[in-house]
Each structure stands twice: as structure tokens, then as C-alpha cells.
K.L.:
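Please read through the structure below; I'll follow up with questions.
Throughout, protein chains are lettered first and strands after them, A, B, ... in sequence-line order, and every chain is numbered starting at 1.
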There are 2 protein chains.
Amino acid sequence: MSQRRVGIRATIHDVAAQAGVSKSLVSLVLRDQPYVSAEKREAVLRAVDELSYRPNSVARSLASRHTHTIGVLVLDLHNPVFVEILDGLHSGADDPHLTTLLVSAGGDSERERRLVLSLLDLQVDGLVLVGHRLTTETVTQVMAEKPVVVVTRRDVRRRGLDTVCNDDRAGAGLAVAHLVELGHRNIWHLDGGRSAVAQDRRLGYQDAMQTHGLGAHTTVVGAGFSDDAGWQAAGAVLDAGERPTALFVANDFSALGAVARLEQAGVRVPADISVVGYDGMALAAMRRIDLTTVAQPLHAMGLLAARMLSARIQDPTRRARNTVLRPALIARSSSAGPPATADARSRER
Amino acid sequence: MSQRRVGIRATIHDVAAQAGVSKSLVSLVLRDQPYVSAEKREAVLRAVDELSYRPNSVARSLASRHTHTIGVLVLDLHNPVFVEILDGLHSGADDPHLTTLLVSAGGDSERERRLVLSLLDLQVDGLVLVGHRLTTETVTQVMAEKPVVVVTRRDVRRRGLDTVCNDDRAGAGLAVAHLVELGHRNIWHLDGGRSAVAQDRRLGYQDAMQTHGLGAHTTVVGAGFSDDAGWQAAGAVLDAGERPTALFVANDFSALGAVARLEQAGVRVPADISVVGYDGMALAAMRRIDLTTVAQPLHAMGLLAARMLSARIQDPTRRARNTVLRPALIARSSSAGPPATADARSRER
DNA sequence: CTGCAGTGTTGGAGCGTTCCATGACACGCG
DNA sequence: CGCGTGTCATGGAACGCTCCAACACTGCAG
């Protein structure tokens, strides 16, 4: 009979005593090993049930040297884009015995560093960084210890680092192509700032404009990735002498801010100015919003990251892959043909 | 000198060897204990630095019997309301050595159960449930093992369970009072369904209507908590023979759906119909949306939950508290006085 | 009858910490 | 001088598991 006190979890010893076998045998049964007689197996399982025993995974991890746990750092949970990537991640980590530990510092680099290190101290088997603001030094340090997959950012490219991201340049091209197809020529870009992602989208825009023979119309207005940034930048557009007939904005949030500013000034979207965002967050599909956007395959990105990580955990010598997925344009009601007059006007030049 | 292989983390033994002391002494230094000579302390710290040693928290947890880690279950990361509660939680868990482990199953009861149990197996020191779909049985089981604080839901009331929520009935009252003050009389409610929260908001609405002498106008339309539910319900409102001048909707998402439906039908918000939501999610403040809403003190709720949990961890015998916080109405541009005609019409009766 | 392969079970040595009991040493006091 | 007290350092027993070596037993081939 077990001698455990109430309120204290049963241990493998308690189970062994209850079942009248050795703790080694209990361990064998629990880990589903062969060479255990049916009777003893049953006795053990009965004891497990009676004591409602659940193995202490801390002890298990210490002994077995792996935790069946992966750590996930998320840049910002307020941005639904990351949450959608997370969904994909979970469906990719299909092993039911795998726990994923989520951690977020809202973009604070130093806090992110601390969190990732404590994930490492918890002996996670691997890490997924869904956007991050870590220094390359920290990333290198982390990589030296455990497999790492980076999602979203393409800027950290080093040997042994798996990455998953979308092709921002091509995506920007899709946005421009969509607007050109609708008849727009005077298309401006509200950009995202200094980050690598923002830069790619900006370059993609500039390239595409050139390709479509609209180099002369190429205009970049400094903005950012927030609602507010889009609002401000749209204000600057309104104040400009000349007006575009369409705006390609750095991301969906920013695009929403821009639309709000335009509408507040009595400029109708899309009747007067079309707006295209980037990211394809689910929110953009809400009826009240209904924003045309370049959608990243968020779910697929998360799923792929999970698969790459588990492959890497299984085989640490595996060659690193940098996977770039293709985004897709989703046309909604924030984009339409240019107003006749504006169209005519822009053709005059 | 240490003999550790490359790529393998240094252990306390390596540090001890490097510093020429016993592992016990290293442990003392690391845990900042007194009665260690300055020289040895320094030697240990130097060795720690040279080997870039970080304690294995798995081993530490096993030996010390606590992990300085709290588990957090979140109902749905897609709902910014929960994310904002999480922010509060983090600022309440100020101890920098405390790690919070986040876990979410998107409302799948069975997956939630598994996740919470594995959090327990990881020996977290306590748990916060930010909305959940666990059975009362599971909650009881979890409570038996570790301190638990439940945020948002008030339906699970049992001895020893700390809870934090807002006063949904009073909040509904605020919404009605706001609309009445603006001159509305014919105020309808799009409800949230069967959940306890939805029920409270519905009852609060009904009570308030009665109190304001508008019992005759009391009308509840079945909806839900999603964008789509609001859209559908608003459709039903439009199809009704009579029309309200204001809508109090179960939550912000649903309210957004309702606004979209109304606008699509050419009904202006707030000129023709005012709309008030519930929750106070940051998104509702976005310029494009600008929804009048009953704001829960989300940050405070999270903060309080963290504080209650750490108090509970420190003193497990502490009496459980059920804290109910007061929501506040935030008036934005989705509510205004009723249209003159509608106002007059409703006064005729 | 011996030996060996396969099957079933066990004790005990880790895993990397914490923490307790113990001891060594120095100092001051009666 | 002996003794208590405070300071500093250490070995070793946990913590709850995994995993290996060893052993016992059975059955069968040689």
C-alpha cells in the first residue's frame, strides 16, 4: 500500500508499491516498452488509475534529456497576423504529447532575450521565433544550443537557421498589378519604415511600378505598421498638391488607418481612392472593413515552421532551408477602378 | 579544468571544477546565500562567466520543488480582449524570475484539459485561466493540485477558487443609461447566447429597461459573440416591422457585424440607429471603427489576477476572493441622439 | 545434458540541482 | 586553557524519473 500523504502527487514508487512490482517495471509500462507480461502491465495500469498517477515531467525530462516541449516566441499577440501563424503552428505540431510554450514580450528586445533564455533553461527541444527583435548575437547563441526556426523575418540568414517567410517583393508586385489592371496609373505607397519587411515591400512596389512603365508616378510616403501611422500618412497624401488614385499600404492595420483618414476628409474609398493593404489578417475580411489585401499564407507558414522544427529536432544535422512562400491578392471592396476624371487627368500627362 | 564536450551546456560541476570549489559552494553563490567568502564568490562568478553557465532549471525545479513558472490558459487569442487581459497579467507578474507559460486551445474543451494537465505535469506553481471551457470536474481536479485564478467567468464558484471578472449586469445598465440619456427609448438588445456572460448582459439590459420605464420596448434578438452573429441579428432587426433607434449588442465584435449590416442596408450609424458594444477592446477605438462600448477594465483584471495568484502561491491557506470590477462606458461616434422622426414616433405610443 | 536465445523483471547508477548535517577554523570570554 | 559562537566550506542524500547491466526463467537446438 502507498504511504503518500494527501494532496501530494503519487510518484512512480507509489504506483510500484501499489501494483507490487518494481519502479523499473512501472517505467517500462508507462513508456510502452515490450517484454512486459500482460498481467503485470494490467496491474500497473490499474494502480496508475487508482492513484490517478501522472508522471512528473520535470523528473522525466531530467532523466531522459528531452522535454517534448517546444518554445515559441511571438513578436506581438495584438497583431492577429501572428496569432494566425500560431494556429498553423499548432496544427503542424500534431504530436499530442508535444507541448508548445508561448511567450511574448510585445517587441521589447531585452525582455525577449530573457524569455528565450529561460525557455532554453527549461530545456525546450526547439524554438520557433514568430517575428522577434533579438540581436543576431542572441540568435546565434540560441542556435548553438537548440534548433531554431524563424518565421516572418528573412533578415537573419545564417548557416543552420531554418526560416519561413513570404515573398514581400512579389507580394507588392501583386498589389500594383491588381491596381494597374483596374486602370490605375498614379499609385502611391505608404511604407512601413526601416524594417527589412518594409524595405522589401517598398522595393517590390518600386520595381513593379517600373515594370508597368509607371516609374514617373512612383511615390513613397513614410508611414509605419500601425493604424495611426496609416492615418498620419494618409493625411500627408491629402495635403499633397497632386493626388493618387490608389494607395498601396505597408500592412493591413496601417491601411485601415489610411482609409479612416480618407473617409474623414470626405474622400470615398474606393470611389475616389482605392486602398490595398498587406498581410491578409482575418480581421480585414470583416464586413465592416472588407479590405483588399495581399494575403500571406499565414496558416501554411506556421504549419511549415512546425514541420521544419520537428524534422530538425529529429535530425540536427539536417541542412537548413529558407522557405519563401508566395502571397496572393484578395480583392475586396476597398479597391475599384479609378474615378473617370482622375483617370483622364492622369492620362493627360 | 572542465572536461565538458563542446555544444553541451556546462553544469554546476564544471563550474565547481573551474573555480576550484565544491558544487555546494557554487550553489550557495548562485542562490545568493550568506556565509561565502568574497574571494570564493568572485572565483565562482568568474567561472560562471567563462563557461557561460546557466543553471538547468529542470534540475533546479526537481530539487527545489518549485519552478517559478505560472501557467496561463487563454480561451481565444484571436479575441483581443483576452490579449489585453494578458498584458495586465504580465505587468502584475513583476518578478523578473517568474516565467509565464501561455497555452491556448481555441476553446476546444478536451484540448484545454490536456494542456492544463501538461502544465501541471510541468510543475507550474500556479494557474490562471483567462476564459476557459473546462468542465467543473477538471477545474476541481486542477485546484486540488495548484492554486488557480479564473478571469472573466463568474460561473465557476467554489471554495478556494479566486476569480476576477467585471460586473456584466451593471455594464449593460451603463449602456442602456447612456442611450436613454441621449434620448433613446426604443432600445433593443442583440444577445450573446447561452453563456453565463451573455446571460448577465441580457439580464442587465432587461433590468435597466424596466428601471427606466421602458419595459414595453424591451426586445432581445438572438445573436452571438462573433462578427457574423451581429450581422445576422442586425438583418433580423431590419426585417422587423418596427425598428429600434438604438442597439445594445453583446460584445464589440458582434456590434461591428451589426454596424456593417445596417450600413449595407443604407441605415446610417448613428444617424438612424445608434450602436453600443461591450468589452472595450482596443480595436474598437480604431478610427475606422470608433465604436461606443462598455469597457471592461481588462488590464486591471489581468493585473489583479496575477497578484491574487502570487498571494495564493505564497499562502495557500489564504481565503479565496471573488473580485468583481466595474466596467465603464466609453462614448464614441457609433452613438448619438435618435433621429427626430423616430424619436417623435416612439413618443406617440 | 549443455548452451543459447528470447522473454520478463529488477536494482542501482545516473540526470543537475538543492539542502541538510557536519566539520574546520577563528575569535572572544570566563 | 577550554568552550561556545559565528563564519565558511563540503560531502552526500534527496528530488522522481530513465536506462543499463544483470539476472532468472523457459524452451529448444545441438
Side-chain angles (χ1 to χ4, degrees), chain A residues 2-5 8-44 47-48 51-69 97 118 120-123 125 145, chain B residues 2-5 8-44 47-48 51-69 97 118 120-123 125 145:
Chain A
S2 87
Q3 303 214 0
R4 73 207 185 82
R5 282 169 294 163
I8 305 284
R9 276 172 79 134
T11 72
I12 201 172
H13 288 102
D14 299 322
V15 175
Q18 174 94 346
V21 299
S22 72
K23 63 171 189 9
S24 303
L25 213 237
V26 176
S27 177
L28 290 177
V29 172
L30 258 33
R31 285 176 298 121
D32 235 355
Q33 301 284 64
Y35 303 145
V36 175
S37 67
E39 310 97 87
K40 300 239 164 169
R41 181 180 300 270
E42 209 171 303
V44 167
V48 163
L51 301 175
S52 36
Y53 167 77
R54 294 200 321 277
N56 178 328
S57 43
V58 168
R60 174 173 281 186
S61 301
L62 183 59
S64 70
R65 232 92 42 109
H66 53 283
T67 54
H68 294 290
T69 289
H97 293 292
S118 64
L120 242 29
D121 294 346
L122 285 168
Q123 311 297 116
D125 291 340
E145 246 176 83
Chain B
S2 88
Q3 304 214 356
R4 71 207 186 82
R5 281 170 295 165
I8 304 285
R9 274 173 80 133
T11 72
I12 201 171
H13 288 100
D14 300 321
V15 175
Q18 174 95 344
V21 299
S22 72
K23 66 174 187 5
S24 302
L25 212 240
V26 176
S27 177
L28 289 177
V29 172
L30 259 33
R31 285 176 299 120
D32 235 357
Q33 300 285 60
Y35 302 145
V36 176
S37 66
E39 309 97 89
K40 299 236 166 172
R41 182 181 300 269
E42 210 170 302
V44 168
V48 163
L51 302 175
S52 38
Y53 166 77
R54 294 200 323 276
N56 178 328
S57 44
V58 169
R60 174 173 279 188
S61 301
L62 182 59
S64 71
R65 234 84 56 99
H66 52 285
T67 52
H68 294 288
T69 289
H97 294 291
S118 63
L120 242 28
D121 295 345
L122 285 168
Q123 311 298 117
D125 291 339
E145 247 176 82

K.L.:
Could you go over nucleotides 13-19 of chain C and give all protein N or O partners under 3.5 Å, atom names and distances?
P.N.:
unit_1, atom_1, unit_2, atom_2, d
C:dC15, O2, A:A63, N, 3.4
C:dT17, OP1, B:Y53, OH, 2.9
C:dT17, OP1, B:N56, N, 3.1
C:dT17, OP2, B:I12, N, 2.7
C:dT17, O5', B:Y53, OH, 3.2
C:dT18, OP1, B:R60, NE, 2.9
C:dT18, OP1, B:R60, NH2, 3.2
C:dT18, OP2, B:S27, OG, 2.6
C:dC19, OP2, B:R31, NH1, 2.9
C:dC19, N4, B:S24, OG, 3.4

K.L.:
State, yes or no, whether a side-chain contact exists between B:D32 and B:R41 at a heavy-atom distance under 4.5 Å.
P.N.:
yes
K.L.:
Which value, rounded to the nearest 0.5 Å, describes the distance between A:R60 atom CZ and A:L30 atom CG?
P.N.:
6.0 Å
K.L.:
Scan nucleotides 3-8 of chain D nucleotide by nucleotide, 5' to 3', and note B when protein non-hydrogen atoms come under 4.0 Å of the base, S if they reach only the sugar-phosphate, - if neither.
P.N.:
----SB
K.L.:
Using a 4.5 Å cut-off on heavy atoms from C-beta on, say whether the side chain of A:L122 contacts that of A:T67.
P.N.:
no
K.L.:
For B:R65, check side-chain contact (heavy atoms from CB on, under 4.5 Å) against everything at least two apart and list the hits.
P.N.:
none
K.L.:
Who are the side chain to side chain donor-acceptor pair (under 3.5 Å) partners of B:S57, not counting sequence neighbours?
P.N.:
none
K.L.:
Using salt bridge (Lys or Arg N to Asp or Glu O under 4.0 Å) as the criterion, list what pairs up with A:D121, not counting sequence neighbours.
P.N.:
B:R9, B:R54
K.L.:
Quick one: list whatever passes ring pair (Phe, Tyr, Trp, His ring centres under 6.0 Å) with B:H66, sequence neighbours left out.
P.N.:
B:H68
